[in-house]
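Comments concern the structure below.
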Amino acid sequence: MQITDSDRLTYRLMGQDDAQALWELDQDPEVMHFINGGKPNSMETINTIFLPRMKAYTDAKKGWGLWQVSNKVTQEYLGWVLVRPMDFFTDDPKFNDLELGWRFFKKAWGEGYATEAAIAIKNAVVSQTKIDYVSALAIEDNYGSIGVMKKVGMHFFRKYAHKDPIGDFIAVHYQMSVK
């Protein structure tokens, strides 16, 4: 699947050779604040945890994976948008409900890039696959991500204890129907 460039951004599905780019993004404690309390990820963590996880859910034909987001003019790497089935790492993944997530360099915050990218990627994936819902999760006080969820068209669905092998947290779950 290809994602068509949006007004300011271009997209590329990331792969196993993108460890350096993933590591660079995870070095800012402010970027990591709502992910793990602000601890930068080591290259070992990227190589032994994040790359294998990414490989497990990446499916280029379906648009699943991490989509690198870059400035269309300068080609500067700004961050990424995640697409994968909700609850992918459980015994009951929701293949009709795709999870969107995002992580951007601090210098890209407040510019509308996450919203623009999430909408472009959501629209492409929804138009080319058979799904019923698009969802996103955040920690309750991550107002920036919740703002993106609302701008994408999602609404509050529930608050719950999210379980994940790399860390459990109390999540707010936003969702939208795409039918």
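The figures that follow rest on heavy atoms only: side chains count, while hydrogens, waters and symmetry mates do not.
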Roughly how far, to the nearest 0.5 Å, is NZ of K94 from CD of Q175? 11.0 Å

State, yes or no, whether a side-chain contact exists between D141 and Y143 at a heavy-atom distance under 4.5 Å. yes

To the nearest 0.5 Å, how far apart are CG in D26 and CD1 in I35? 8.0 Å

Using atom types as modelled and distance alone, determine if a side-chain donor or acceptor of K159 lies under 3.5 Å from a backbone N or O of I170. no

With a 4.5 Å heavy-atom cut-off, do R103 and F34 have their side chains touching? no

Looking only at heavy atoms, which two atoms of A108 and L78 are closest? And how far apart? CB-O, 4.2 Å

Looking at E24, I'd like to know if its CD atom is crowded, meaning that more than 12 non-hydrogen atoms belonging to other residues, nucleotides or ligands lie closer than 6.0 Å. yes

Residue pair N71 / E111, side-chain heavy-atom distance below 4.5 Å: no

Could you measure the distance from the OH atom of Y113 to the CG atom of L9? Nearest 0.5 Å is fine. 7.0 Å

Inter-residue atom distance M86.CE - D92.CG, 0.5 Å rounding: 11.5 Å

Do the non-hydrogen side-chain atoms of R12 and Y77 ever get within less than 4.5 Å of each other? no

Any donor and acceptor pair, going by atom type alone, linking the side chain of Q27 with main-chain N or O of N41 inside 3.5 Å? yes

Do F157 and Y174 have their ring centres less than 6.0 Å from each other? no

Is the backbone of S145 close enough, under 3.5 Å, to the side chain of N142 for a donor and an acceptor to pair up by distance? yes

H173 vs Y160 aromatic rings, parallel, tilted or perpendicular, using cut-offs 30° and 60°? tilted

What distance separates M154 CE from S177 OG, expressed to the nearest 0.5 Å? 12.0 Å

Give me the atom names and distance for the closest heavy-atom approach of K151 to I119. O-CD1, 3.9 Å

Look at the side chain of E116 and the backbone N and O of D7, then say whether any donor-acceptor pair between them is shorter than 3.5 Å. yes

Does some side-chain heavy atom of I46 sit less than 4.5 Å from a side-chain heavy atom of L51? yes

Decide yes or no for D28 and F105: does some side-chain heavy atom of the first lie under 4.5 Å from some side-chain heavy atom of the second? no

Answer yes or no: is there a donor N or O on one side and an acceptor on the other, between the side chain of E99 and the main chain of L82, under 3.5 Å? no

In terms of hydrophobic clusters joined by side-chain contacts under 4.5 Å, are M1 and V81 together? yes

Are more than 12 heavy atoms, taken from residues, nucleotides or ligands other than K106, located less than 6.0 Å from that residue's NZ atom? no

Under 6.0 Å from the CD atom of E44, do we count more than 12 heavy atoms belonging to anything else shown? no

What one should report as the nearest heavy-atom pair of G79 and L25 is CA-CD2, 4.2 Å

Is it the case that one hydrophobic cluster holds both L137 and F156, taking links as side-chain heavy atoms less than 4.5 Å apart, direct or via other members? no

Can you name the closest pair of heavy atoms from A171 and H162 and give their distance? CB-CB, 3.9 Å

Do the rings of W64 and F95 sit parallel, tilted or perpendicular, given the 30° and 60° boundaries? parallel

Minimum heavy-atom distance W102-A136, with the two atoms named: CH2-CB, 4.0 Å

Mind checking whether I131 and Y133 sit in one hydrophobic cluster, side chains of I, L, V, M, F, W, Y counted as touching below 4.5 Å? no

Co-membership, hydrophobic cluster, residues F88 and L100, 4.5 Å side-chain: yes

Would you give the length of the straight line joining atom CH2 of W80 to atom CG of L22, rounded to the nearest 0.5 angstrom? 8.0 Å

May I ask you to test the E30-W109 pair for a side-chain heavy-atom distance under 4.5 Å? yes

With heavy-atom distances below 4.5 Å as the criterion, would you say the side chains of P85 and L98 are in contact? yes

Looking only at heavy atoms, which two atoms of V152 and A118 are closest? And how far apart? CG2-CB, 3.8 Å

Tell me whether F169 shares a hydrophobic cluster with V31, the cluster being built from Ile, Leu, Val, Met, Phe, Trp, Tyr side chains joined at under 4.5 Å. no

